[in-house]
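Next up is a structure, given as C-alpha cells.
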Amino acid sequence: MLVLRFTPLPLCLVHLWRLLTLVCGHPQPSPCQQVQRTALCDRKELFCVPAGLSEHTEELQLNFNLLRSLQDDSLLLYPSLSTLSLACNRLETLQSNTFKESKLLENLNLANNVLHMGYQETSQALKTLPRLRVLDLSVNELDDEMAGSLLQNLTSLEYLNLSGNLLKRLDETSFRDLHQLRELDLQRNIMFEIDGAFDSNPKLQRLNLAFNYLPCLTDFHMTQLIVLNASHNNMEWFISRPDLNDSFHLETLDLSNNKLLFFPFLPNHSRLQNLFLSQNSIRFYQHMADNDTLLNSSTVQFYNLKKHEQSNVTAQLWDENLHGDVSSVRILDLTGNQVEYFPRGFMQKMSALSRLRMCSNCLQTLNLTSERFSDSLYELDVSNNRLNKILGDEGPLSALSNLTYLNLSLNALTLLPSGFFWSLSSLRSVDLSFNNIHVCLGQEADNSTDSLSACVDWTDVGSLCQLYLKGCNLQRIPASAFSGLSLTHLDLSENPGLIVDESLESVSRTLQHLGLGNTQTQDLDFSHFQSLKFLNISGNSLVHLPPSLLSLDLRVLDLRDNKLSTIPSDQANALAPKLHTLFLTGNPFNCCQTEWFRTFEPVHMVAQSDLRCEDLFHATHRVERFDTFLCSEEAAESLLWLILLIVPFCLLFVAASVVFLLTFKPRVLQKSIKKKCLKPTSY
Ligand SMILES: *[C@@H]1O[C@H](CO)[C@@H](O)[C@H](O)[C@H]1NC(C)=O
Ligand SMILES: *[C@@H]1O[C@H](CO)[C@@H](O)[C@H](O)[C@H]1NC(C)=O
Ligand SMILES: *[C@@H]1O[C@H](CO)[C@@H](O)[C@H](O)[C@H]1NC(C)=O
Ligand SMILES: *[C@@H]1O[C@H](CO)[C@@H](O)[C@H](O)[C@H]1NC(C)=O
Ligand SMILES: *[C@@H]1O[C@H](CO)[C@@H](O)[C@H](O)[C@H]1NC(C)=O
Ligand SMILES: *[C@@H]1O[C@H](CO)[C@@H](O)[C@H](O)[C@H]1NC(C)=O
Ligand SMILES: *[C@@H]1O[C@H](CO)[C@@H](O)[C@H](O)[C@H]1NC(C)=O
Ligand SMILES: *[C@@H]1O[C@H](CO)[C@@H](O)[C@H](O)[C@H]1NC(C)=O
Ligand SMILES: *[C@@H]1O[C@H](CO)[C@@H](O)[C@H](O)[C@H]1NC(C)=O
Ligand SMILES: *[C@@H]1O[C@H](CO)[C@@H](O)[C@H](O)[C@H]1NC(C)=O
Ligand SMILES: *[C@@H]1O[C@H](CO)[C@@H](O)[C@H](O)[C@H]1NC(C)=O
Ligand SMILES: *[C@@H]1O[C@H](CO)[C@@H](O)[C@H](O)[C@H]1NC(C)=O
C-alpha cells in the first residue's frame, strides 16, 4: 500500500489537483466548512470540486458555484460520498467515469444546470451508480429523448425530479427501468400527452404533473398512487377506468386550475380524503338527465397522438353514481366553479366531510335539511354565491354539532332558519358580511313562529367568538344584541350611519379585534376595551383621535381616510411603543405639524410613501420628504435675515438704475424717437 502511494500516478493526480485548484483561483486549504462528514461549499465561486476535504466526507454540498463539468477524476478523493449536491452550477457534462469510485452515492442533486448539452456522456456516468436512490434533474432543458437516455437502467431510483424541463410526451418507454420509483415530480414541463407511461412503476406513490398542458386524464388506473397533483393544466376530463374493481390508495387529488366541466369520475373504491377542484368550470347536470333520454348516455372521444387512434370512453355523463367513492373525503374544495346545486344524496355520501369550500359558485339555495351534511362538518364556506335564503329544520341543524367556521358573506341573504345560531353548538366564527340582514330587535325573534326568520339573533350563543357584519346596511344595533357573548372579533365596518348604542358594552372586556370603519361612528369611549389589539376606525371623518385610545394596548390601528391634521405628540408618544402597524393614508395632515412622523418611525406605517401633507399654501408634499425646517422658527428667522439682506441690495439696485436713467435719459429718448420715425436724420 505504502509503495502505491509513491507511484507516479497518484503524484500526477495530486499535481493535477493542485493545478485545478489553481485554475479555480482558490488557495488551499479549501474554502469549505467541514462539519463532521459533511462539507459545505455553497456559494464559493468554485470552478471544480475542491481538494483538501476529509477523505471520509459523505455529504458534499457544492450548490451555487461555477462548475462546468465533472471529470473522471473529480471525485476520486472522496470515495465515501453518499450525497452530492451540485444544484445551480453550469454543468454541461459528467464524464462517463466520474462515479467510478463513488459506488456509495445514493443522492445526487443536479438541479438548475445545463445538462442538455452533454447528456449522452452524463447518462453513461449515471449508469455506473448502483445505489442511486434520489436524483434531481430539474431545470436542465431536457427534452423527451434526453430524459429517456439519462434514466436508462436507473433501476434503483426511488425519487426523481424532472420539473422545469421540456418534456412533451410520455409513453411506456419513458420510465421503463425505474421499477423502484416512489416519487416523481414532472411539474412545469410542456406535456400534452401521457400514454401508459407509469405501467412499469408499480411503487409510484406521489406524482406531480402540475403546470403542464394535459387536456385530460382518462383511463386512470394507478391504484397504488397516494398523491396525484395535476393542477394548472388544461384538463377537461378526469375519468378513472370504470371496469376496475380494485381499491385505489389515492388520498389526495389536486385538479385545481383546470377546465373541468364535470365533477371528476372517481374510482368506485378509494380512500380519497383531500379533493381539490378549485378554479374549474364544474357544475352538476342532473336536471338534464331527468329531462332528456338522448343525453343520458354519451361517448367521449380521445385521440392518441402516437398510435393515431381514437379511444372511446362511454360514460353516463349525467349519472351521479359516476362520482365514485367519496365516502372518505374530508376536504372538498370547489372554490371558483359554477355549481348551482348539489345532486340528490351527494353530500350524504361524504360522510366524513370536514371542510367544504364552495366560495364563488352559483348556489341559489341551501337546504340543510335535504343536504344532510356529515356531522363532522367543521368548516362551511358558501361565500360569494347567490344565496337568498338558507333552509333547515332544527333536527338536521343541531346535527351539525361540529360546525365551527361558517362563511356566508357576499350573498343576498335575507332569510335564515329561526334559531339558526342556537342550533349550531360549536359555532365559533360566522361571516355574514355583505348580505341584507338585520339584527333582531328585542322580542322580534321570540315572536316569530315561522321556520324562517328575517332577522338574526345570536344572544347567549356562548361558543361564538368571531362575528363579521360588514356591509349589511345595518342601521341600528340594539343594546342587547351581543349580550351573553364572549366575542373576540367583531367587524361592523361599511355600515354608514350605524348606531351601536350600548350594544358594545357587553363585549368590551373580551373584544380583541374591532372594525368600525366607515360607520361614521364618532366619540366612542374605548376605555373599557382593555383587551383590544386591533382597531379599525377608518373613514369616519375623525378630526381628533379619541383620547380613550391612549390607555389601550393596541397593536394595529387603522385611521385611514379621516380628517386628522395632526397627531399631538403626547398621543403619538403614548401609542408608538405598543403599535406595530399603523394605517394613516388619506388624512389632510398639516406639513408643519408632522412631529408624529418621527415618533412613529419604528412602527410599520402601511404605504408610508403615500402619506401626504399640505403646507401653508395648500401645496401637497410627501410627509417623509417634507423638510419641517421650512416651518420652524429658525426658518422664519433666516427668512427675516434674508429679507434684511436683500432689501438693501434691491434698494441699491433701484437707486443705481434711477441714476443711470437720469444720466443717459436724453440719448435713450433720442434713439427711441429715431427708431419710431425711421428717419436717419441727425439733429
Ligand atoms: C441497460 O438496460 C438495457 C436494457 O434495458 C440492457 O440491455 C443493458 O445491458 C443495460 N446496461 C447496463 C450498463 O446495465
Ligand atoms: C423539484 O425541483 C423543483 C425545482 O428545482 C423544486 O421546486 C421542487 O420542490 C422539487 N420537487 C420536490 C418534490 O422536491
Ligand atoms: C400541487 O402543485 C402545485 C404547484 O406546485 C402546488 O401549489 C400545490 O400546493 C400542490 N397541491 C397539493 C395538494 O400539494
Ligand atoms: C362502479 O360503480 C358504478 C355505479 O355504481 C357501477 O355501475 C359499476 O359497475 C361499478 N364498477 C365496478 C367495477 O364495480
Ligand atoms: C368487487 O370487489 C368486491 C370486494 O372487494 C366484491 O364483493 C365484488 O363482487 C366485486 N365486484 C365485481 C364486479 O367484481
Ligand atoms: C327540463 O328542461 C326545461 C327547459 O330546458 C326546464 O325548464 C326544466 O326545468 C327541465 N326539467 C327538469 C326536471 O329539470
Ligand atoms: C337518465 O339517467 C338517470 C340516472 O341514471 C335516470 O334517473 C333517468 O331516469 C334517465 N332518464 C331517462 C329519460 O331515461
Ligand atoms: C368511437 O366512436 C366513434 C363514433 O361513435 C366510432 O366511429 C369509432 O369507431 C369508435 N372508436 C373506437 C376505437 O371504438
Ligand atoms: C328542504 O329539504 C327538506 C327535506 O328534503 C324538504 O322536506 C323541504 O321541503 C325542503 N325545503 C324546501 C323549501 O325546498
Ligand atoms: C370536528 O372537526 C375537527 C376538525 O376537522 C376534527 O378534528 C374533529 O375530529 C371533528 N369532530 C367530530 C366529532 O367529528
Ligand atoms: C369569508 O369569505 C370571504 C370571501 O370569500 C373572504 O373575503 C372572508 O375573508 C371570509 N371570512 C372569514 C372570516 O374568513
Ligand atoms: C309579536 O307578535 C304579535 C302578534 O303576532 C304582534 O302584535 C307584536 O307586535 C309582535 N311583537 C313584536 C315585538 O314584533
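What you see is a predicted model; the values in this text were computed from it and never measured. Note that ligands are numbered from 1 as they come in the structure, with each ligand's atoms numbered from 1 the same way.
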Legend entry - Distance-only polar pair, side chains of N257 and S231, donor-acceptor under 3.5 Å: no
Inset, instruction - Using distance alone, determine whether R188 and ligand 3 share an N or O pair under 3.5 Å. - result: no
Legend entry - Of all pairs that satisfy ring pair (Phe, Tyr, Trp, His ring centres under 6.0 Å), the ones with a partner from residues 363-394, not counting sequence neighbours: Y378-Y405
Inset, instruction - Kindly give the heavy-atom pair with the smallest separation between L178 and L154, and that separation in Å. - result: CD2-O, 3.3 Å
Legend entry - Proximal atoms of ligand 3 relative to F276 (non-hydrogen, under 4.0 Å): 13 (C)
Inset, instruction - Using only heavy-atom distances, determine whether the side chains of H179 and N201 contain a donor-acceptor pair under 3.5 Å. - result: no
Legend entry - Lys/Arg N to Asp/Glu carboxylate O, E236 vs K259, below 4.0 Å: no
Legend entry - Close-contact set for ligand 9 against L391 heavy atoms, below 4.0 Å: 11 (N), 12 (C), 13 (C)
Inset, instruction - Please determine if Q187 has a nitrogen or oxygen closer than 3.5 Å to a nitrogen or oxygen of ligand 3. - result: yes
Inset, instruction - Consider every N or O of N367 and every N or O of ligand 9, then say whether any pair is closer than 3.5 Å. - result: yes
Inset, instruction - Give the numbers and elements of all ligand 3 atoms closer than 4.0 Å to a heavy atom of S231. - result: 1 (C), 2 (O), 3 (C)
Legend entry - R357 and D381 ion-paired at < 4.0 Å: no
Inset, instruction - Quick one, list the residues around ligand 10 where some non-hydrogen atom comes in under 4.0 Å, by chain and residue number. - result: S354, S376, Y378, N402
Legend entry - F211 neighbourhood, listing ligand 3 atoms whose heavy-atom distance to it stays under 4.0 Å: 4 (C)
Legend entry - Between Q224 and K203: side-chain donor-acceptor atoms closer than 3.5 Å: no
Inset, instruction - State, without any angle test, whether Q338 and E340 hold a side-chain donor-acceptor pair at a distance under 3.5 Å. - result: no
Inset, instruction - Establish, from distance only, whether the side-chain atoms of D42 and N63 form a donor-acceptor pair under 3.5 Å. - result: yes
